[in-house]
Amino acid sequence: MKERYEFKEIEQRWQKEWKDAKAFKVTEDPNKKKYYVLEMFPYPSGKLHMGHVRNYSIGDVVARFKKMQGFNVLHPMGYDAFGLPAENAAIKNGVEPAKWTYENMAEMTAQLQQMGLSYDWDRELATCTPEYYKWMQWIFIQFYKKGLAYKKDNPVNWCPSCQTVLANEQVVDGCCERCKTPVTKKELSQWYFKITDYAERLLDNLDKLPGWPDKVKIMQRNWIGKSHGANVDFQIDGTDKVMTVYTTRCDTLFGCTYMVMAPEHPYVKELVAGTEYEAPVLAYIERCQHMNEIERTATTNEKTGEFIGRYAINPVNGKKVPIYISDYVLMGYGTGAIMAVPAHDQRDFDFAKKFGLDIIPVVDPGDPSIDLYNLTEAFEAEGTMINSEQFNGMNNYESIPKMIEWLGERNLAEATINYKLRDWLISRQRYWGTPIPMIYCEDCGWQPEKEENLPVMLPTDVEFTGKGESPITTSKTFVNTVCPCCGKPAKREVDTMDTFLDSSWYFLRYCDAHNDKEAFAKDKVDYWMNVDQYIGGVEHAILHLMYARFFNMALYDLGLVDTEEPFQNLLTQGMVTKGYTDDKGEYKVAKMSKSLGNVVSPHEIIDKYGADTARMFILFAAPPERELEWSDAGVEGSYRFLGRVYRMVYNFVEEFGNGELATTGSSKADEELLFTLHTTIKRVTDDIDKRFNFNTAISAIMELVNAMYKYKDGEVNAPLFRYALKMLITLLAPFVPHICSEMWEHMGFEGSVHDEAWPAYDESAMQRSTVEIVVQINGKVKARMDVDPEMDRDALGEFAMADEQIKALLEGKNVMKVIAVPGKLVNIVAK
RNA sequence: GCCGGAGUGGCGGAAUUGGCAGACGCGCCGGACUUAAAAUCCGGUGGGGGAAACCUCGUACCGGUUCGAGCCCGGUCUUCGGCACCA
């Protein structure tokens, strides 16, 4: 160890040592308690950004800490390597997607290794390798056989720029999640996963995940969107057709004054055929199809629609009400048709006002300021039933089950549950993804490829035009094959899988990353799963985290895994932001991004200060869930702190050399040092283990360092101070592993600090003979005194009252009450 | 519109169960070392008043509960995030 803190030399040396020794390689060990810590694997864009650094720094502290606590820690890393950017690079620069991806992965691996992360690199995986996607295809086939995968013609979300379909989850604000182009609808035959079969379990199990942030659970609950209601049948007048509507508000049935069908509703064309309404209705439908998602769903839009010339009969009172079509009714939810109650639903109210339809109130709010027969807006809350015959006078909410019962007895309705969650559209018209292992035969229909023929390899003889169909269509070798069923010529599916499938089970593959006989050995997965701590950005709260839960549940049902839920505890880290000046010269803070020019690259920080400093700063600047504002001055501070620790070790060894340790002391200063040391151990342990508050753990260590500097000014008990240094290095090791290895070695300690047991704190060293309490008068601090920590309530009160200073302050006042809290304070209430 | 966070010094943030508000770090001020600077070490640092002991105000705003509120309750404002015509 040199006099100066040469971080580059130190970091390179220890990184090489860890790599060569495979220091973090693990195998299943039934005698040891396992701990699986996982950070969301990156897309190999080529460069690490600060969000990655934050994510992996957090994970690395947890992994190293748990290892020191004696757990058998699985901490793997890999790449979510399929995806659009590789393909775009091919279109733009003519680089092969595979080449582009593998080069990026190599670059990122080098950058990850510069951070000193404790990964078991032997388990590294990339989803774009045939070794991985073979098993992806195998899982697809298992799902297919179980009836969880099906092909269907449907209007789908289409991104005109990416030239591919998107899952509902990938449409954000009506635009493509990736390129922000407004999404349009297109009728296509596509593969789906039946995630809706799991809606109820995905919802229920959220209650069994106390280690997940409420925010994420709420977002998933909203996304699943369970609602209780009823399907109610309305006879269409003059036909044998029944129009079934879904409603959560059966209480308002008597207020129904018209009906609305979605423009895509299959009855519509039939009902208008040959009538005077046909032309305008078809024109309206046409217009809707050409609208993109934004135009269609904009709430500010005025309501539009067309009367279809038909009437439905309200089952509760036999009244005839007109049927309209309007785009505010969605085909994909409920039955694609609604009963409209303008008095008690704002959307219906707006529509009724525009089209001059009746508004009949059936729920009385009991508020004289509301003129029921001249409503200015819909009344949607609780009230008393009116205009509803035998239900009049009831509370409207209480009448709902009664109404459903009444209708049920007459076979007109049944209680129904609906979910907003839709089936997962997984086909993509792209090249760089896992080929869907399905074959179409004229005679046998869709058949899965034989398992022994997997993987269905991605062809390399393709052209990248960036237009229309999957580029795989251009392959001369891929499409034509034989039917696995009858052996006749057949054609392969040319679409690939959504890359979210790849990332829905990678955590299982890590348990047995190079198995070429099966996706993963069950005993290995049973040993490691589930993930004890998962860490990643909150942007995956719905997409990835719900898909992965669905996959794990389906695999559980297939008997392939033993746990239903894949992630026991989840930590969603906040964004890394930085200040910048916008066009108008205003100072703002936002997520680091190239377009705003507020990016700091990890590489430049590691180059200037080292990985330990980068890790320390990023963990110290904010608690992990919160947004972290980058500060160059703050980095400087972390660097200074490490220098301070380094010098303390270096100077101590210069002066006292290496030698024996003492865990007890004799002087008052010794005791004080031991007190600080042990309270620090406790604070740091709790902060990492129970709270994930690395920022306060680090500040506690900083306080210890300050206390040690103070101690060094007096008489130094060298064996005791040496012990304190040993503990200090141990506490710091999960945060800043390189410098700690270096200091550990310099002090002549055995082995590696990273194999040390995490220190235990000694309660007795944390006991003090006296404790300072404060004495308040009327809640204001007036005095401090040292007392025996054991002193009870009454004695404490008397002791405080006996104090001369307090007596003087109470002169001429009436003591009303004395509240004493042992070990903390006394509050005297006086007038 | 609905759902969920957050609001504390000049700044990032502490305060773990209702009990000393501002830990720790940054910045700033002063001192030591130095020919000088950097680096380092030591001290100070919420506002107002005071020579000082000390007094007083202070956790977005208004009100409440309590001996005691940054923390609990009611209301308001600001701000960030998610969802959004889901019947």
Side-chain angles (χ1 to χ4, degrees), chain A residues 4 172-174 213-223 225-227 229 245-249 252 260 296-301 303 326-330 332-341 344-348 350-351 418-422 538-539 541-542 574-575 579 589 616-617 620-623 625-638 640-641 643-644 647 683 686-687 690-691 693 695-706 709-710 713 772-782 784 816-821 823-830:
Chain A
R4 274 182 53 101
V172 176
D173 294 333
D214 288 336
K215 181 190 166 87
V216 172
K217 288 192 276 189
I218 289 165
M219 280 164 75
Q220 293 208 353
R221 264 185 211 112
N222 291 343
W223 190 264
K226 182 178 183 175
S227 82
V245 301
Y246 173 72
T247 178
T248 56
R249 294 294 305 275
T252 62
V260 190
R296 175 86 187 251
T297 58
T299 40
T300 47
N301 269 5
K303 293 278 181 288
S326 173
D327 63 1
Y328 83 91
V329 174
L330 310 170
Y333 183 77
T335 61
I338 61 152
M339 66 163 190
V341 184
H344 303 294
D345 181 291
Q346 192 58 43
R347 295 157 299 181
D348 299 344
D350 295 341
F351 190 92
N418 259 301
Y419 302 92
K420 289 186 200 171
L421 186 71
R422 309 292 152 80
V538 72
E539 66 272 20
I542 298 171
M575 294 185 301
V589 176
M616 164 123 312
F617 169 72
F620 177 64
E625 296 89 345
R626 216 180 300 178
E627 153 178 316
L628 181 150
E629 190 183 336
W630 189 265
S631 143
D632 293 328
V635 179
E636 201 79 51
S638 293
R640 250 193 318 247
F641 169 72
R644 211 165 132 77
R647 278 189 301 277
R683 284 170 69 188
D686 290 350
D687 280 349
K690 298 192 179 131
R691 308 198 314 152
N693 278 10
N695 55 331
T696 50
I698 291 169
S699 71
I701 297 173
M702 286 171 167
E703 284 180 69
L704 173 63
V705 170
N706 291 343
Y709 263 97
K710 258 204 184 99
D713 279 349
E772 189 186 72
I773 61 151
V774 294
V775 182
Q776 305 177 324
I777 295 175
N778 296 331
K780 292 195 173 140
V781 180
K782 295 292 175 184
R784 292 160 194 281
M816 316 290 288
K817 208 171 175 181
V818 178
I819 291 114
V821 183
K824 286 228 168 92
L825 58 68
V826 176
N827 188 14
I828 301 160
V829 188

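Letters go in sequence order (proteins before strands), and every chain restarts at 1.
Minimum heavy-atom separation, A/Tyr328 to A/Ala340: OH-CB, 4.5 Å. Of all heavy-atom pairs spanning A/Ala541 and A/Gln220, the tightest one is O-NE2, 2.8 Å.
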Given protein heavy atoms under 4.0 Å, the one-letter contact record of nucleotides 13-18 of chain B, with B base, S sugar-phosphate only and - none, is simply SSSB--
Going 5' to 3' through nucleotides 27-33 of chain B and flagging B where a protein heavy-atom sits under 4.0 Å of the base, S where only the sugar-phosphate is that close, and - otherwise, we get S------
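Using N1 to N3 plus N6-O4 or O6-N4 for Watson-Crick, or N1-O2 and O6-N3 for G-U wobble, each under 3.5 Å, B/rG43 pairs with B/rC29. Figure legend. B/rG63 is base-paired to B/rC73; pairs are counted as Watson-Crick or G-U wobble with both atom distances under 3.5 Å. Across all strands shown, B/rA15 forms no Watson-Crick or G-U wobble pair with both distances under 3.5 Å. The nucleotide B/rG4 finds its pairing partner in B/rC80, both defining distances of the Watson-Crick or G-U wobble pair being shorter than 3.5 Å. When both pairing distances are held under 3.5 Å, B/rA87 makes no Watson-Crick or G-U pair with any nucleotide shown. Across all strands shown, B/rA36 remains unpaired; no Watson-Crick or G-U wobble contact has both distances below 3.5 Å. A 3.5 Å limit on both hydrogen-bonding distances identifies no Watson-Crick or G-U partner for B/rA21.
One P atom belongs to B/rU8, the other to B/rA60, and the distance between them is 6 Å to the nearest Å. Spacing of C1' atoms, B/rC55 relative to B/rU17, comes out at 33 Å, to the nearest Å. One P atom belongs to B/rU65, the other to B/rG81, and the distance between them is 38 Å to the nearest Å. Rounded to whole Å, the P atom of B/rC72 lies 23 Å from the corresponding atom of B/rU79. Comparing the C1' positions of B/rC26 and B/rU45 gives an interatomic distance of 13 Å, to the nearest angstrom. Here, B/rU34 and B/rG44 have their P atoms 24 Å apart, quoted to the whole Å. When the C1' atom is used for both B/rA21 and B/rG46, the distance is 10 Å, rounded to whole Å. Nucleotides B/rA32 and B/rA38 place their C1' atoms 16 Å apart, quoted to the nearest Å.
Side-chain contact between A/Phe617 and A/Trp630: present, with at least one pair of heavy atoms (C-beta onward) separated by less than 4.5 Å. Residues A/Ser227 and A/Tyr246 meet the side-chain proximity criterion, which asks for heavy atoms closer than 4.5 Å. Taking the side chain as every heavy atom from C-beta outward, A/Val826 and A/Ile773 approach each other to under 4.5 Å. Counting only heavy atoms from C-beta outward, the side chains of A/Lys420 and A/Trp223 never approach each other to under 4.5 Å. The closest side-chain heavy-atom distance from A/Arg221 to A/Ile218 is below 4.5 Å.
Ionic pairing of A/Arg683 and A/Glu703 is present here: one or more N-O contacts between side-chain nitrogen and carboxylate oxygen are shorter than 4.0 angstrom.
A/Leu825 comes within 4.0 angstrom of a base, heavy atoms only. In this structure, A/Ser638 reaches neither bases nor backbone, as no heavy-atom distance under 4.0 Å exists between it and the strands shown. Base contact: A/Lys420 has a heavy atom under 4.0 Å from a base atom. Residue A/Gly225 is classed as having no contact, given no heavy-atom separation below 4.0 Å to the nucleic acid. Note on A/Lys782: only backbone sugar-phosphate atoms sit closer than 4.0 angstrom, heavy atoms only; bases stay farther off. In this structure, A/Arg422 reaches the bases: a heavy-atom distance under 4.0 Å links it to at least one base atom across the strands shown.
Residue order along RNA chain B, read from the 5' end via each residue's closest nucleotide, puts A/Asn706 first among A/Asn706 and A/Trp223. Take the nearest nucleotide of RNA chain B for A/Lys710 and for A/Asn778: the residue whose nucleotide is more 5' is A/Lys710.
A/Met219 places its CE atom 5 Å from the C1' atom of B/rG82, with the value rounded to the nearest Å. In this entry the distance linking NZ of A/Lys824 with P of B/rC20 reads 8 Å, nearest Å. Taking atom CG of residue A/Asn827 and atom C1' of nucleotide B/rA69, one finds them 13 Å apart after rounding to whole Å. Between A/Asn222 atom CG and B/rC2 atom C1' there is a gap of 9 Å when expressed in whole angstrom units. The CD atom of A/Gln346 sits 15 Å away from the P atom of B/rC85 (whole-angstrom rounding).
A/Arg221 contributes no side-chain N or O that forms a donor-acceptor pair with the base of B/rC3 under 3.5 Å. Donor-acceptor pairing under 3.5 Å, judged by distance alone, is present between the side chain of A/Lys303 and the base of B/rC85.
Proximity of a side-chain donor or acceptor of A/Asp345 to a complementary backbone N or O of A/Asp348 within less than 3.5 Å is detected. Between the side chain of A/Asp686 and the main chain of A/Arg691, no donor-acceptor pair closer than 3.5 Å is present. A donor-acceptor pair is defined here as one N or O able to donate and one able to accept, closer than 3.5 Å; such a pair exists between the side chain of A/Asn827 and the backbone of A/Gly779.
For B/rG58, the base adopts the anti conformation, since its glycosidic angle falls more than 90 degrees from zero.
The side chain of A/Lys780 lies closest to B/rC57, out of B/rA87, B/rG25, B/rC57. Residue A/Glu703 places its side chain closer to B/rA23 than to any other of B/rG19, B/rA23, B/rC41. Looking at the side chain of A/Val829, the nearest of the listed nucleotides B/rC67, B/rA87, B/rC20 is B/rC67. Nearest nucleotide to the A/Tyr333 side chain, out of B/rC67, B/rC83, B/rA87: B/rA87.
Contact check, A/Tyr328 against B/rA87: no side-chain N or O comes under 4.0 Å of OP1 or OP2. For A/Lys215 and B/rG5, the shortest distance from a side-chain N or O to OP1 or OP2 is not below 4.0 Å. A close approach under 4.0 Å does not occur between any side-chain nitrogen or oxygen of A/Arg644 and OP1 or OP2 of B/rC24.
Counting only N and O atoms by type, the side chains of A/Arg626 and A/Asn695 include no donor and acceptor under 3.5 Å apart.
For the side-chain contact (heavy atoms from CB on, under 4.5 Å) test with A/Lys303, the passing option among A/Val260, A/Asp350, A/Asp327 is A/Asp350; the others fail.
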